[in-house]
Amino acid sequence: GSAKSPSPTKKKGGAKATKKEQKEQEMEELRPIVVQLVREEHQDFGGGFHLPTWRDLLITKLAIWPVQLSKAMVWQIGYWGRRLRGLDLSESEREVLTRRA
């Protein structure tokens with residue numbers, strides 16, 4: 001009598017373990033596919049976020065900053081000069097002002 005009681009319990013436990021193992025196996029099979037999709041498809045996360053590149057490093061931004069500042073100052077001084085002389089907007093001025101608006 002006592003030999004029969006453990007076997008139904010083992011069958012139920014075995015069936016649950018089998019379903020659990022099948023689910024885990026399915027998850028393991030899907031994991032590489034999901035990882036590949038995330039790496040390939042999500043280069044841009046939206047909202048201005050993207051995978052970092054060497055251009056995002058602080059040292060790179062600090063090295064480029066003086067050049068960008070100089071270009072911006074030259075453009076702004078030229079813009080003010082044209083405004084003081086009453087000349088029409090140039091094409092680059094229109095583009096910049098449109099982007100800023």
Intermediate values then yes/no, side-chain contact (heavy atoms from CB on, under 4.5 Å), Val96 and Tyr79: CA-CA 11 Å; Val96 171; Tyr79 172 75; over 6 Å; no
CG/Asp88: more than 12 non-hydrogen atoms of other groups inside 6.0 Å: no
Side chain to side chain donor-acceptor pair (under 3.5 Å) against Thr60, all qualifying residues, sequence neighbours excluded: none
Criterion side-chain contact (heavy atoms from CB on, under 4.5 Å) on Arg83 and Leu89, from CA distance to verdict: CA-CA 8 Å; Arg83 297 287 56 84; Leu89 291 174; 2.9 Å; yes
From CD (Glu21) to CD (Glu28), nearest 0.5 Å: 13.0 Å
Arg85 side chain vs Gly81 backbone, donor-acceptor pair below 3.5 Å: yes
Atom CG of Leu69: over 12 foreign heavy atoms under 6.0 Å: yes
From CA spacing to verdict: salt bridge (charged side-chain N to carboxylate O under 4.0 Å, His left out), Glu26, Lys23: CA-CA 5 Å; Glu26 289 175 7; Lys23 191 171 184 177; over 6 Å; no
Check: Glu93 side chain, Ser90 main-chain N or O, donor-acceptor pair, under 3.5 Å: yes
Evaluation steps, salt bridge (charged side-chain N to carboxylate O under 4.0 Å, His left out), between Lys19 and Glu24: CA-CA 9 Å; Lys19 287 181 182 178; Glu24 288 176 1; over 6 Å; no
Separation of Lys61 NZ from Ile59 CD1 (nearest 0.5 Å): 13.0 Å
Arg94 vs Glu91, side-chain contact (heavy atoms from CB on, under 4.5 Å): CA-CA, chis, key distance, verdict: CA-CA 5 Å; Arg94 283 190 186 116; Glu91 194 61 36; 3.8 Å; yes
Inter-residue atom distance Leu57.CG - Arg55.CZ, 0.5 Å rounding: 11.5 Å
